[in-house]
**Q** 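Have a look at this one.
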Amino acid sequence: TYDATIYYTIDGTVPTTSSNIYTEAININATTNIRAIAVKENWDNSDMLDIYYMQAVTVVEPTFNPDNNQTFSKAFDLEITCETSGATLYYTTDGTEPTDGGTGYTYPIKINLNKTTTIKIFGAKSGIFPSPVITKTFTFKAPAPSIEITDETANSKTISIRCTNADKIYYTIDGSDPTISDTRVEYTGNNTTVTLYKNTTVKAYSTKEGWDDSDISEAQYEFNVTAPTFDPEGQEFEGNETLNVTLSCTPSDAIIYYTTDGNEPNISSPTIENGSSIEITQTTTVKAYAHKDGWNDSPITTANYIKKGV
């Protein structure tokens with residue numbers, strides 16, 4: 001309407017003839033509610049114009065320290081912040097979607113995490129758009145057990161399977177996968193010992209409630225039969241003399257295979273009990289090795305007995 005005066009407000013209040021007079025374009029840089037009326041003397045006031053301008057600004061996405069680009073093996077405090085001043089953060093730790101109807105938190109937020117947790121969070125602030133919901137899963141993984149020898153004898157090795165932060169340890173001593181094997185042993189606790197008596201591949205992993213299972217640890221333990229010894233050792237002897245040569249090795253229950261014709265002994269050769277003797281009456285080359293089931297065979301040893309005057 002020609003010659004009318006426009007009165008306006010930018011704070012959402014109802015304009016009157018005491019409000020701002022419109023003379024030029026209104027600059028806005030935030031979400032603004034403009035209300036205006038036109039007034040002309042001896043005319044009825046116009047209907048009120050009510051326009052709401054929403055600024056296309058959103059709350060900055062929350063940030064995490066540490067981030068979830070790693071796995072964790074112990075509890076820690078997660079800190080969440082937001083670069084938007086005055087924003088309120090809403091989050092869940094049970095996988096449900098957060099809403100602004102719940103409890104809001106000012107930042108920085110500190111959350112103690114001690115198991116695998118999925119956090120969903122967004123930031124909100126009056127007058128601007130909320131941030132999108134950010135989902136982060138913080139994965140905890142049980143540490144792999146250590147496998148070490150704690151005691152060793154001529155016939156056995158005692159090992160410790162240990163994990164400092166676990167509920168249970170599962171292990172096998174037959175080389176099978178402990179995650180699926182029917183022969184696996186379940187141990188409740190974080191330290192167990194096993195005594196081995198033969199060549200053994202030990203595999204173990206640990207578990208903890210709310211955590212991913214650990215990687216599988218593996219260790220191989222070998223038992224070696226010692227090379228047979230001869231008593232007396234190879235030597236010359238008198239023509240009328242008979243030598244009783246004792247063959248011995250460790251362990252005491254190993255079987256000794258031997259030859260007296262210079263050929264290499266094998267599993268088809270004659271045997272002698274560990275610590276027993278053979279008679280030597282003429283020039284002889286004795287070769288021997290020792291065997292025990294589940295152990296590595298000994299190397300072959302050789303002794304030459306030479307009869308004088310021959």
**Q** Indicate, with yes or no, if I278 and Y289 share a hydrophobic cluster defined by side-chain heavy-atom contacts under 4.5 Å among Ile, Leu, Val, Met, Phe, Trp and Tyr.
**A**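 No: no chain of side-chain contacts under 4.5 Å links Y289 to I278.
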**Q** Side chain to side chain contact (heavy atoms under 4.5 Å, CB included), that's the test. Do Y171 and Y205 meet it? Break it down for me.
**A** CA-CA 7 Å; Y171 68 90; Y205 76 99; over 6 Å; no
**Q** side-chain hydrogen bond (donor to acceptor under 3.5 Å, both in side chains): which pairs involve residues 228-244, sequence neighbours left out?
**A**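 Pairs touching residues 228-244 that pass the test: E238-K308.
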**Q** Under the criterion side-chain hydrogen bond (donor to acceptor under 3.5 Å, both in side chains), I'd like the reasoning laid out for N296 against E222: C-alpha separation, chi angles, the key distance, then a yes or no.
**A** CA-CA 7 Å; N296 297 327; E222 293 191 347; 3.2 Å; yes
**Q** Decide whether Y170 and V202 are clustered together by the hydrophobic rule: side chain heavy atoms of Ile, Leu, Val, Met, Phe, Trp, Tyr closer than 4.5 Å, transitively.
**A**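 In one cluster: no.
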**Q** Measuring only between side-chain heavy atoms, which start at C-beta, is K287 closer than 4.5 Å to N263?
**A** no
**Q** Is there a side-chain hydrogen bond (donor to acceptor under 3.5 Å, both in side chains) between N155 and T153? Walk through the geometry before answering.
**A** CA-CA 5 Å; N155 296 292; T153 69; 5.1 Å; no
**Q** Is I119 reachable from L89 through a run of hydrophobic residues whose side-chain heavy atoms are each under 4.5 Å from the next?
**A** yes
**Q** Apply the test ring pair (Phe, Tyr, Trp, His ring centres under 6.0 Å) to residues Y91 and Y105: give CA-CA distance (whole Å), side-chain angles for both, the deciding distance (0.1 Å), then the verdict.
**A** CA-CA 9 Å; Y91 71 91; Y105 299 86; 5.1 Å; yes
**Q** Are F76 and F140 an aromatic pair by the rule of ring centers under 6.0 Å?
**A**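 Centroid separation for F76 and F140: below 6.0 Å.
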**Q** Which is it for N33 and D50 under the side-chain hydrogen bond (donor to acceptor under 3.5 Å, both in side chains) test, yes or no, and what are the steps along the way?
**A** CA-CA 7 Å; N33 183 194; D50 189 354; 2.8 Å; yes
**Q** Evaluate T285 against N304 for side-chain hydrogen bond (donor to acceptor under 3.5 Å, both in side chains), listing each step before the verdict.
**A** CA-CA 5 Å; T285 296; N304 293 307; 2.8 Å; yes
**Q** Taking only Lys NZ, Arg NE, NH1 and NH2, and the carboxylate oxygens of Asp or Glu, determine whether D253 and K292 approach each other closer than 4.0 Å.
**A** yes
**Q** Could you walk me through whether T84 and I128 pass the side chain to side chain contact (heavy atoms under 4.5 Å, CB included) check?
**A** CA-CA 10 Å; T84 301; I128 61 176; 4.2 Å; yes
**Q** Considering only NZ, NE, NH1 and NH2 on the basic side and carboxylate oxygens on the acidic side, decide whether K115 and E209 come within less than 4.0 Å.
**A** no
**Q** Taking all heavy atoms of I26 and all of I10, pick out the closest pair and write down the distance.
**A** CG2-CG2, 4.3 Å
**Q** Apply side chain to side chain contact (heavy atoms under 4.5 Å, CB included) to residues F223 and Y197 and explain how you reach the verdict.
**A** CA-CA 8 Å; F223 290 74; Y197 299 94; 5.5 Å; no
